[in-house]
Amino acid sequence: IAKAVPTTVIENQTTVEIEVATPYSIKSNGEKLQVDLKRHQIEAIYEYYAVPKLDKDAFLVAQIVNWDQYNLLEGEANLYFEDAYVGRTILEAKSLQDTLGISLGRDKNIVIGREKNEQFSKRRTIGSNVVETRGFKIIARNKKSQSIKLTIFDQIPLSVVSDIIVSPVELTSGELDIKTGKVTWELTLEGQQQKDINLQYEVKYPKRERVILE
């Protein structure tokens with residue numbers, strides 16, 4: 001790996017400049033040349049995220065804390081992970097968050113599944129109301145030898161009509177946001193470990209209403 005050329009960082013009122021400290025020779029052969037002006041060794045926290053309702057793959061994200069000290073530029077960046085090119089991303093250098101997340105793509109060693117549990121998917125009538133239940137089983141398996149942190153997102157329906165009541169039945173220690181219906185599970189999976197999550201909810205509504213559930 002080529003070393004970065006000697007530079008000096010100059011912070012102006014509204015800009016940051018990287019000034020080459022010593023002359024650098026470029027061959028006049030018409031070929032493209034890439035020169036590293038600055039190189040940082042940045043610590044990152046690696047976490048996996050998955051939304052099995054939409055995609056069965058888990059995505060690895062590098063979380064960089066206090067990233068604004070590095071004067072990163074807004075724009076497209078090439079990504080290399082474990083000495084392999086994994087694609088491109090957009091650096092959100094205008095973000096107001098203390099932590100900068102960079103997606104490193106899919107990891108096929110993390111297996112995610114989501115299937116409907118027919119045992120908990122029922123419909124019954126109570127008086128003038130209909131009560132429907134839905135159940136889903138989410139499976140997360142770590143095929144790696146080392147432990148990982150995995151965050152899984154799902155959702156229960158939201159009601160915008162007072163006559164329709166949605167109630168969670170089983171979330172397997174998931175955290176429910178009652179405003180959005182989003183359910184979040186934060187898991188630690190040891191190497192070769194699998195965890196099962198149950199997502200069950202109940203919907204109660206008058207017979208006159210027509211409700212379509214997943």
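Excluded from the calculations below are hydrogen atoms, water molecules and symmetry mates; all remaining heavy atoms, backbone and side chain alike, are included. All figures in this text were calculated on a predicted structure; none of them were measured in a lab. The residues of the chain are indexed from 1 along the displayed sequence.
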Quiz prompt | Criterion side-chain contact (heavy atoms from CB on, under 4.5 Å) on Arg210 and Ile212, from CA distance to verdict | solution = CA-CA 7 Å; Arg210 185 171 181 266; Ile212 300 176; 3.7 Å; yes
Practice problem: Show your working on side-chain contact (heavy atoms from CB on, under 4.5 Å) between Lys195 and Thr172 and close with a plain yes or no. | Solution: CA-CA 11 Å; Lys195 288 187 178 181; Thr172 313; over 6 Å; no
Practice problem: Give, for atom CZ of Arg123 and atom CZ of Arg134, the distance between the pair rounded to the nearest 0.5 Å. | Solution: 9.5 Å
Quiz item: How far does CZ of Phe59 sit from CD of Glu47, to the nearest 0.5 angstrom?
Solution: 16.0 Å
Quiz item: Would one find more than 12 heavy atoms of other residues, nucleotides or ligands at under 6.0 Å from atom NZ of Lys144?
Solution: yes
Quiz item: Are side-chain heavy atoms of Leu104 and Thr89 found at a separation under 4.5 Å?
Solution: no
Quiz item: Are Ile156 and Val211 connected in the hydrophobic side-chain network, where two residues link if heavy atoms are under 4.5 Å apart?
Solution: yes
Practice problem: Supply the atom-to-atom distance Gln119 CD to Gln200 CD, rounded to the nearest 0.5 angstrom. | Solution: 8.5 Å
Self-check item: Shortest non-hydrogen contact between Gln155 and Thr180, atoms and distance
Solution: NE2-O, 2.9 Å
Quiz item: What closest approach, in Å, do Gly135 and Ser121 show between heavy atoms, and which atom pair accounts for it?
Solution: N-OG, 3.6 Å
Quiz item: Between Trp185 and Leu150, is there a donor-acceptor pair closer than 3.5 Å when you use the side chain of the first and the backbone of the second?
Solution: no
Quiz item: Counting only N and O atoms by type, is there a donor-acceptor contact under 3.5 Å from the side chain of Gln194 to the main-chain atoms of Ile139?
Solution: no
Quiz item: Closest heavy-atom contact between Asn142 and Ser147?
Solution: ND2-CA, 4.1 Å
Quiz item: Given the rule that I, L, V, M, F, W and Y join up when any side-chain heavy atoms are under 4.5 Å apart, are Tyr48 and Val61 in one cluster?
Solution: no
Self-check item: Donor-acceptor contact present, side-chain Lys207 to main-chain Gly127, <3.5 Å
Solution: yes
Quiz item: Between Ser103 and Leu79, what is the shortest heavy-atom contact and its length?
Solution: O-CD1, 3.1 Å
Practice problem: Would you check, one step at a time, whether the test side-chain contact (heavy atoms from CB on, under 4.5 Å) holds for Thr133 with Arg124? | Solution: CA-CA 9 Å; Thr133 57; Arg124 65 188 190 275; 4.0 Å; yes
Practice problem: Please check if Val183 and Ile178 belong to a single hydrophobic cluster, counting links between Ile, Leu, Val, Met, Phe, Trp and Tyr side chain heavy atoms closer than 4.5 Å. | Solution: yes
Quiz item: Heavy-atom count around Lys204 NZ within 6.0 Å, excluding the residue itself: above 12?
Solution: no
Self-check item: Derivation of the side-chain contact (heavy atoms from CB on, under 4.5 Å) call for Leu54 and Phe153
Solution: CA-CA 10 Å; Leu54 302 178; Phe153 300 103; over 6 Å; no
Self-check item: Side-chain (Ser159) to main-chain (Val166) donor-acceptor, under 3.5 angstrom
Solution: no
Quiz item: Within a radius of less than 6.0 Å around NZ of Lys149, do more than 12 heavy atoms belonging to other residues, nucleotides or ligands occur?
Solution: no
Exercise. Check the hydrophobic clustering (I, L, V, M, F, W, Y; side-chain heavy atoms under 4.5 Å; chains of links allowed) and say if Val86 and Leu100 are grouped together.
Key: yes
Quiz prompt | Minimal non-hydrogen separation, Ala44 against Ala62, with atom names | solution = CB-CB, 4.2 Å
Self-check item: Within 6.0 Å of CD in Glu175, more than 12 heavy atoms from elsewhere
Solution: no
Exercise. Check the surroundings of atom CD in Glu186: do more than 12 heavy atoms from other residues, nucleotides or ligands lie under 6.0 Å from it?
Key: no
Self-check item: NZ/Lys116: more than 12 non-hydrogen atoms of other groups inside 6.0 Å
Solution: yes
Exercise. Starting at NZ of Lys137, measure out to CG of Asn198 and round the result to the nearest 0.5 Å.
Key: 7.5 Å
Quiz item: So, do Val203 and Val131 sit near enough that their side-chain heavy atoms are less than 4.5 Å apart?
Solution: no
Quiz prompt | Ile138 reachable from Leu187 in the ILVMFWY side-chain graph, under 4.5 Å edges | solution = yes
Self-check item: Min side-chain heavy-atom separation Phe81-Leu60 under 4.5 Å
Solution: yes
Quiz item: When rounded to the nearest 0.5 angstrom, what is the spacing between CD1 in Ile152 and CD1 in Ile112?
Solution: 4.5 Å
Exercise. Give a yes or no on this: more than 12 heavy atoms of other residues, nucleotides or ligands lie within 6.0 Å of atom CD of Glu43.
Key: no
Self-check item: Glu190 side chain reached by Thr188 side chain, heavy atoms, under 4.5 Å
Solution: yes
Quiz item: If you measure from CD1 on Ile148 to NZ on Lys143, what distance do you get to the nearest 0.5 Å?
Solution: 12.0 Å
Quiz item: Any side-chain heavy atom of Leu199 sitting closer than 4.5 Å to one from Arg114?
Solution: yes
